[in-house]
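Notes to accompany the following structure.
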Amino acid sequence: MEKSIIISSKVENLRLIESFLEQVCNEEKIPSEKYGNILIATLEAANNAIVHGNKLNEKLNVTIKISSIGNEFKVQLQDSGPGFDYNNVPDPTAPENIEKLNGRGIFLMKKLSDKINFLNNGTIVELIFQK
C-alpha cells in the first residue's frame, strides 16, 4: 500500500495530515498504541517541514508519502527547503536547553519511531515503524 498527500506550508494544515494519517492507520489496522507514536512523530516532522524547511511560505508544499509493506509502516515527508545539518542538532535534554520552548521535534521523532532516516540533505525525513 502506498498513499500520499500534498499540503501547502501553513501550520493549520497539520489537521489535514492528522485526518489523512488516521484514515490510513485505520485501513492498515495499526494498533492504537502504535498510532499515537506515528501521529506525534509525523506531526513533529510536518511542523518542522512547514516552519523550518519551507519557512511558512504557503507557495511551497510538503509532501507526505505513506507506505506499508509487510511489518513495516513508513512515513516519508519532504519539504522544499535547503535542508539542515541533522547531525548537529542541539540536545533538548541538555541543561541549557531544558527551558527552551522548541527544539524537541527531532528528539521526539527519534524516540517514537523505530528508525529515522534523513535524506537529500535533510529535506526528506523517513519515519519507520514496526507494526
Side-chain angles (χ1 to χ4, degrees):
M1 177 281 307
E2 193 169 299
K3 297 187 181 220
S4 62
I5 184 174
I6 298 172
I7 61 157
S8 64
S9 294
K10 295 192 297 192
V11 173
E12 51 268 31
N13 283 339
L14 290 173
R15 60 187 163 79
L16 299 175
I17 296 170
E18 187 172 351
S19 298
F20 172 67
L21 201 55
E22 183 177 8
Q23 176 190 343
V24 173
C25 285
N26 282 337
E27 289 171 10
E28 289 296 306
K29 297 178 177 35
I30 301 294
S32 58
E33 60 273 9
K34 271 287 182 189
Y35 171 70
N37 290 356
I38 294 168
L39 176 66
I40 293 168
T42 301
L43 291 177
E44 287 290 342
N47 187 65
N48 282 355
I50 292 168
V51 175
H52 301 295
N54 291 345
K55 307 281 189 229
L56 294 168
N57 182 342
E58 294 179 21
K59 293 181 176 136
L60 299 177
N61 293 326
V62 176
T63 302
I64 298 98
K65 294 179 183 173
I66 298 177
S67 60
S68 181
I69 301 167
N71 201 33
E72 188 175 271
F73 188 86
K74 180 166 47 174
V75 182
Q76 186 182 76
L77 300 96
Q78 181 169 9
D79 63 51
S80 303
F84 71 104
D85 182 0
Y86 45 85
N87 290 315
N88 194 22
V89 177
D91 178 359
T93 65
E96 66 272 15
N97 297 326
I98 288 286
E99 305 266 334
K100 291 185 178 175
L101 295 175
N102 54 14
R104 291 175 182 78
I106 291 174
F107 177 80
L108 283 170
M109 288 185 270
K110 287 180 177 178
K111 290 291 183 194
L112 296 172
S113 63
D114 293 303
K115 185 175 181 188
I116 185 169
N117 297 315
F118 295 98
L119 309 169
N120 199 31
N121 202 38
T123 62
I124 299 173
V125 176
E126 278 185 346
L127 301 166
I128 300 168
F129 304 89
Q130 298 303 313
K131 292 187 200 171

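Position 1 is the first residue of the sequence; numbering continues from there.
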Would you mind reporting whether Leu43 and Ile17 have side-chain heavy atoms less than 4.5 Å apart?
yes

Once rounded to the nearest 0.5 Å, what's the spacing between atom CG of Leu16 and atom CD1 of Ile64?
9.0 Å

Roughly how far, to the nearest 0.5 Å, is the CD1 atom of Ile106 from the CG atom of Asp91?
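One finds 12.0 Å between CG of Asp91 and CD1 of Ile106.
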
Counting only heavy atoms not in Lys115, do more than 12 fall under 6.0 Å of its NZ?
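12 or below, so no.
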
In this structure, are over 12 heavy atoms from other groups packed under 6.0 Å from Lys65 atom NZ?
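No - once you tally the heavy atoms of other residues, nucleotides and ligands closer than 6.0 Å, there are 12 at most.
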
For the side chain to side chain contact (heavy atoms under 4.5 Å, CB included) test, which of Ile30, Val75, Ile66 pairs with Val24?
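Looking at Ile30, Val75, Ile66, the match for Val24 under the side chain to side chain contact (heavy atoms under 4.5 Å, CB included) is Ile66.
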
Go through the side-chain N and O atoms of [X] and [Y] and say whether any donor and acceptor fall under 3.5 Å apart.
X	Y	answer
Asn61	Ser80	no
Ser67	Glu2	no
Ser9	Lys55	no

Can you classify the ring geometry of Phe84 versus Phe118 as parallel (below 30°), tilted (30 to 60°) or perpendicular (above 60°)?
perpendicular

How close do Lys10 and Ile50 get, heavy atom to heavy atom, and via which atoms?
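Residues Lys10 and Ile50, closest heavy atoms: O-CD1, 3.6 Å.
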
Could you go through Lys131 and Glu28, starting from their C-alpha distance and side-chain angles, then the distance that decides it, and tell me whether this counts as salt bridge (Lys or Arg N to Asp or Glu O under 4.0 Å)?
CA-CA 9 Å; Lys131 292 187 200 171; Glu28 289 296 306; 3.4 Å; yes

Assess whether a salt bridge exists between Lys3 and Glu27, defined as any Lys/Arg side-chain N lying under 4.0 Å from an Asp/Glu carboxylate O.
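Judged by the 4.0 Å cut-off on N to carboxylate O distance, Lys3 and Glu27 do form a salt bridge.
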
